[in-house]
Structure formats: structure tokens, C-alpha cells
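Read the structure below first, then the notes.
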Amino acid sequence: LYEEGVIQERVFSLYLKGSFYKESYEGKLTLGGPDKDLIRGKKITYANVEDDGYWLVNLHKFVIGAKVWAHDYKAIIDSGSSCIHVPAGIYRQIMDEIQKYSGVDLIDINGIKFGYCTTISVFPPLQFVLGGETFILKPEYYIIKEKYSCMLLIDKSPLYGWWVLGDAFMHKIYTIF
């Protein structure tokens with residue numbers, strides 16, 4: 001499209017509206033640059049792409065409450081994944097911290113964490129530092145709430161040592177590639 005002059009830039013953007021909690025699944029793909037209406041008056045944060053085959057960026061740190069994981073992790077921004085996938089080496093620590101913060105006992109059913117809860121407000125916001133900017137993900141973006149249970153959209157990463165920031169992350173963050 002770029003070579004044919006149909007689009008001005010070799011850029012596309014993805015907007016996923018709402019959250020899983022609110023069951024809104026609308027979205028918008030824009031070819032040739034960002035949607036001007038969606039970025040008007042907003043700050044754009046750039047993260048260097050280290051491998052455009054994977055949209056691999058540096059995740060400088062991850063924070064829950066006062067607990068910080070700072071390691072300059074690698075993270076793939078992936079619209080083909082619904083969850084946030086955490087490196088196996090720190091997955092248990094993160095789940096323990098979420099459980100401690102929320103007071104909700106989490107159980108594992110086929111690799112997915114569930115807990116008995118009446119509200120998601122007890123769960124912590126998750127903070128991701130990318131490109132020098134902190135992105136805060138409220139519980140409504142990483143939890144699916146059913147009547148008396150909460151399902152966390154956080155899983156172990158299938159890629160050794162890498163994070164995968166899927167739709168749960170992208171529902172909050174307008175992403176420009």
C-alpha cells in the first residue's frame with residue numbers, strides 16, 4: 001500500500017475499545033498512521049522496537065503496589081493473544097503479590113487463575129514502564145468478572161524470559177506500530 005501511494009506512512013495502529021470486564025469488543029485498525037481523532041491532545045510514547053518480526057520492546061519495569069520487578073525485560077506487543085503472559089521465572093511471585101494485595105485466594109484451573117470475589121476493586125493496578133512512560137492497567141482490563149468469580153487474564157509466557165502484552169494490555173493502550 002505504501003509503495004502504491006495509497007498510504008502516507010508505513011505505520012498502522014490498533015484501538016481496542018473498552019475492557020473485558022465491560023464486555024465491549026469494538027476496535028479499529030488504521031493503516032497509514034494513527035487515527036488523528038484518537039491521539040488529539042494526547043501524549044504519544046515511543047518504545048524502540050528491537051525485533052519488528054515480534055514487535056519486541058523493552059519492558060523496563062513492572063510494579064504491583066510497592067513491589068517492583070526491574071530487569072529490562074523483553075516484551076512482545078501481540079494482538080493475537082488475549083492475556084498478559086509473564087516470564088515463568090517471576091510468574092509465581094507476581095501471582096503471590098496479586099493474591100496478597102487483593103486478599104483473594106487464587107486457584108489454578110488448567111493454567112488459568114480464578115478466585116472467589118464479589119468485586120474486582122480489591123485487585124491491584126498493574127504498572128508497566130515502556131519507553132520511559134508508566135502505563136497503569138486497572139483490574140477491569142486484566143480480570144473477567146462472573147457472578148462470584150474472577151478470572152485473571154495473566155498466564156505464564158510460552159516464550160522463555162519474555163513478556164507478551166496481549167489484548168488485556170492493548171484494551172487500555174492505543175497502540176501504534
Side-chain angles (χ1 to χ4, degrees), residues 1-64 69-88 90-91 94 111-112 120 123-145 151-177:
L1 292 175
Y2 177 78
E3 283 82 18
E4 295 171 8
V6 175
I7 60 174
Q8 300 300 313
E9 298 177 76
R10 292 180 184 198
V11 173
F12 69 93
S13 59
L14 188 58
Y15 172 66
L16 301 175
K17 183 179 178 184
S19 67
F20 288 107
Y21 179 66
K22 294 181 180 168
E23 297 182 9
S24 175
Y25 301 108
E26 297 176 29
K28 184 176 187 179
L29 172 66
T30 305
L31 302 175
D35 183 315
K36 304 292 187 221
D37 291 332
L38 292 173
I39 63 169
R40 187 171 288 117
K42 300 207 169 79
K43 179 182 176 188
I44 297 175
T45 300
Y46 292 93
N48 291 329
V49 174
E50 295 193 9
D51 182 341
D52 60 3
Y54 289 108
W55 302 107
L56 182 70
V57 298
N58 274 326
L59 173 60
H60 302 291
K61 72 179 157 179
F62 175 74
V63 180
I64 299 174
W69 288 266
H71 183 68
D72 277 334
Y73 296 100
K74 302 297 181 200
I76 297 171
I77 310 296
D78 182 19
S79 63
S81 176
S82 57
C83 294
I84 295 168
H85 298 278
V86 176
I90 60 171
Y91 175 77
I94 289 172
I112 298 172
I120 63 168
F123 288 92
L126 309 177
Q127 297 179 47
F128 300 83
V129 179
L130 298 159
E133 186 75 25
T134 300
F135 297 93
I136 299 172
L137 204 62
K138 294 179 182 175
E140 65 212 45
Y141 292 97
Y142 71 90
I143 293 175
I144 294 177
K145 171 85 171 79
M151 180 177 80
L152 277 65
L153 296 173
I154 301 172
D155 197 3
K156 282 185 202 167
S157 177
L159 303 169
Y160 178 77
W162 287 6
W163 289 71
V164 178
L165 304 179
D167 295 348
F169 180 79
M170 294 174 72
H171 268 270
K172 171 67 174 157
I173 311 302
Y174 177 55
T175 312
I176 303 169
F177 297 94

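The distance from atom CG of L153 to atom NE2 of H85, rounded to the nearest 0.5 Å, is 9.5 Å. Rounding to the nearest 0.5 angstrom, the gap separating the CG atom in L165 from the CZ atom in F135 is 10.5 Å. Separating the CZ atom in F62 from the CD1 atom in I90 is a distance of 7.5 Å, to the nearest 0.5 Å. Distance CG/D78 to CE/M170: 8.0 Å, rounded to 0.5 Å. Rounded to the nearest 0.5 angstrom, S82 OG and I144 CD1 are separated by 7.5 Å. Rounding to the nearest 0.5 Å gives a distance of 12.0 Å between CD1 of I136 and OH of Y141.
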Go through Y73 and N58 one step at a time and tell me if the side chain to side chain contact (heavy atoms under 4.5 Å, CB included) criterion holds.
CA-CA 6 Å; Y73 296 100; N58 274 326; over 6 Å; no
Which is it for C83 and I154 under the side chain to side chain contact (heavy atoms under 4.5 Å, CB included) test, yes or no, and what are the steps along the way?
CA-CA 5 Å; C83 294; I154 301 172; over 6 Å; no
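Under the side chain to side chain donor-acceptor pair (under 3.5 Å) criterion, Q8 pairs with no residue, sequence neighbours left out. A search for salt bridge (Lys or Arg N to Asp or Glu O under 4.0 Å) contacts involving E4 returns nothing, not counting sequence neighbours.
Contact of the S81 side chain with the D167 side chain is not registered, since no non-hydrogen atoms from C-beta on lie closer than 4.5 Å.
Taking the centre of each ring, F128 and F169 come in below the 6.0 Å mark.
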